[in-house]
Amino acid sequence: MLAKVAVVGAGNVGATAAQRLAEKNLARTVVMIDVVDGVPQGKGLDQWQSGPIEGFDTRIIGTGTYDEAAGADVFLVTAGIARKPGMSRDDLVKTNAGIVRSVAEQIARVAPKSIIVVVSNPLDVMCYVAMKASRFPRERVIGMAGVLDTARYRSFLAEALDLSVEDIQAMVLGGHGDTMVPLVSYTTVSGIPVSQLIDRAKLDEIVTRTRNGGAEIVSFLKTGSAYYAPSAAAVQMVEAIALDRKRILPCSAWLQGEFGLRDVFCGVPCKLGWSGLEGIIEVTLTKAEQEELRKSAEAVRATQAVVDV
């Protein structure tokens, strides 16, 4: 159990993540921070009062300042705005970059030895902003993307095959967007290559659906976006760190030559433990997968170029 985990942003993703952290007893205290006065305080109090029912002792505190989060071991950053009508993608990037820059500076002030797990979108670029603004080493700034994308991919495969999601092993790399790279060559069902169980046309259909997984949910909700699966993915990363589990999870990391890529955040297989990013696993990709990963990273790099940190 960690002493303290902070969640920045008390919206749907942040609040749900805070509840999951408490229910898993991953920290003695969970601090939920938001700029909207009363929202983190009210939600935190409500969540804490569920402890006697759900059986957790984690104290959830809602606040509008970072002082309560001083010395936190991990910060889960969910702050940012959704894209609005008439707003270009570059406008969204610049707006959220300003928010994440401010958040990262505050984190560095109150908890200079902490680990930052970024959830804010556009994910990979916000990781870049957080790393530059905090001046933390790459081992302590990691993005949540591939865990969520892989969960969607596994869910769609389980549905198509009418099999348990627990028996499907898979990994999605690349940027968190429509250029992501589901690794079909590494997708198995209890060790059986998925290509032996499902035809290529159906696999391609599932890959496309995975890439559009977030948009599919938004199309149903109309005025909101996913938060149950994103919060679960983020908490899985925190759990790997808190319990020093040495999990191999697909996360956005600052690449320094791995997979032939440099100076860009991109989703790759990461070993997570007590110190954060403890290693990047360079698996052998097919030529097609390697090219897709390169294109995905270049798409991230292009967006990185529009932010001023």
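Reckoned from all heavy atoms, side chains included, excluding hydrogens, waters and symmetry mates.
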Check the pair V74, I241 against side-chain contact (heavy atoms from CB on, under 4.5 Å), reporting the backbone distance first and the verdict last.
CA-CA 9 Å; V74 179; I241 294 167; 4.1 Å; yes
side-chain contact (heavy atoms from CB on, under 4.5 Å) assessment of R301 paired with Y128
CA-CA 10 Å; R301 194 190 306 278; Y128 172 73; over 6 Å; no
Decide yes or no on side-chain contact (heavy atoms from CB on, under 4.5 Å) for L285 and V181, but give the supporting numbers first.
CA-CA 11 Å; L285 305 178; V181 187; over 6 Å; no
Assess whether side-chain contact (heavy atoms from CB on, under 4.5 Å) is satisfied between L123 and F265, documenting all intermediate values.
CA-CA 9 Å; L123 187 283; F265 268 94; over 6 Å; no
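Tracing side-chain contacts under 4.5 Å through hydrophobic residues (I, L, V, M, F, W, Y), one never reaches L157 starting from L173; they form parts of separate clusters. Linking ILVMFWY residues whenever their side-chain heavy atoms come closer than 4.5 Å, directly or via other members, places V110 and F136 in the same cluster. Each of V172 and L277 belongs to its own hydrophobic cluster when Ile, Leu, Val, Met, Phe, Trp and Tyr are linked at side-chain heavy-atom distances under 4.5 angstrom. In terms of hydrophobic clustering, with Ile, Leu, Val, Met, Phe, Trp and Tyr side chains grouped at heavy-atom distances under 4.5 Å, I217 and Y227 are assigned to different clusters. Put simply, V93 and V264 are part of the same group of oily side chains (I, L, V, M, F, W, Y) that touch within less than 4.5 Å, one to the next.
To the nearest 0.5 Å, atom CG of residue L183 and atom CD of residue Q169 are 14.0 Å apart. If you take CD1 on I142 and CG on L249, they are separated by 10.0 Å, rounding to the nearest 0.5 Å. Here D57 contributes atom CG and T29 contributes atom OG1; the two are 11.0 Å apart, rounded to the nearest 0.5 Å. Distance OG1/T286 to CG/L293: 10.5 Å, rounded to 0.5 Å. With rounding to the nearest 0.5 angstrom, the CZ atom of R154 is 13.0 Å from the CG atom of L161. Separating the CD1 atom in I248 from the CD atom in E278 is a distance of 9.5 Å, to the nearest 0.5 Å.
Under a 3.5 Å cut-off, the side chain of D199 and the backbone N or O of K202 do form a donor-acceptor pair. Judged by distance alone, with hydrogens and angles left aside, the side-chain atoms of R247 form no donor-acceptor pair with the main-chain N or O of A240 at under 3.5 Å. A donor-acceptor contact shorter than 3.5 Å links the side chain of Q41 to the backbone of G38. Not one N or O on the side chain of T16 forms a donor-acceptor pair closer than 3.5 Å with the backbone of V13. Not a single donor-acceptor pair under 3.5 Å links the side chain of T187 to the backbone N or O of A170. With hydrogens and angles disregarded, no donor-acceptor distance shorter than 3.5 Å links the side chain of T58 to the backbone of R28. Checked by atom type and distance alone, the side chain of D73 pairs as donor or acceptor with a backbone atom of K4 at under 3.5 Å. Y186 places a side-chain N or O within donor-acceptor distance of the main-chain N or O of T284, the cut-off being under 3.5 Å. S120 places a side-chain N or O within 3.5 Å of a backbone atom of A79 that can act as its donor or acceptor partner. At least one donor-acceptor pair closer than 3.5 Å links the side chain of R211 to the backbone N or O of M180.
Inter-residue side-chain proximity for V77 and I107 is flagged as met; some heavy-atom pair is nearer than 4.5 Å. Between E289 and V283, every side-chain heavy-atom pair lies at or beyond the 4.5 Å cut-off. Here the side chains of Y153 and I168 are not in contact, with every heavy-atom distance at 4.5 Å or above. When side chains are defined from C-beta on, V103 does not count as touching I33, because their heavy atoms never get closer than 4.5 Å. Contact check for F75 versus R140: no side-chain heavy atoms found under the 4.5 Å cut-off. No side-chain heavy atom of V141 sits under 4.5 Å from any side-chain heavy atom of W254. The shortest side-chain heavy-atom distance between S252 and V118 does not fall under the 4.5 Å cut-off. Residues L2 and W274 form a side-chain contact, since some pair of their non-hydrogen atoms from C-beta on lies under 4.5 Å apart.
Looking at D67 and R109, a side-chain N of the basic residue comes within less than 4.0 Å of a carboxylate O on the acidic one, giving a salt bridge. Using a cutoff of 4.0 Å between basic side-chain nitrogens and carboxylate oxygens, R152 and E216 are not scored as salt-bridged. Salt bridge K246/D244: present, at least one basic N to carboxylate O contact under 4.0 Å. For R20 and E23, the salt-bridge test fails: no basic side-chain N is under 4.0 Å from an acidic carboxylate O. No salt bridge links K295 with E292; every basic N to acidic carboxylate O contact stays at or beyond 4.0 Å.
Heavy-atom contacts from other residues, nucleotides or ligands closer than 6.0 Å to CD of Q49 number more than 12.
The shortest heavy-atom contact between C266 and D124 is CA-OD1, 4.0 Å. For the pair H176 and A145, the tightest heavy-atom approach, listed with the atom from each and the gap, is CB-CB, 3.5 Å. The shortest non-hydrogen separation linking L203 to V184 is CD1-CG1, 3.8 Å. Shortest non-hydrogen contact noted between V268 and A253 is CG2-CB, 4.2 Å. Smallest separation of non-hydrogen atoms from P250 and M171: CB-CG, 3.7 Å. The heavy-atom pair separating V307 from A97 by the smallest distance is CG1-CB, 4.0 Å.
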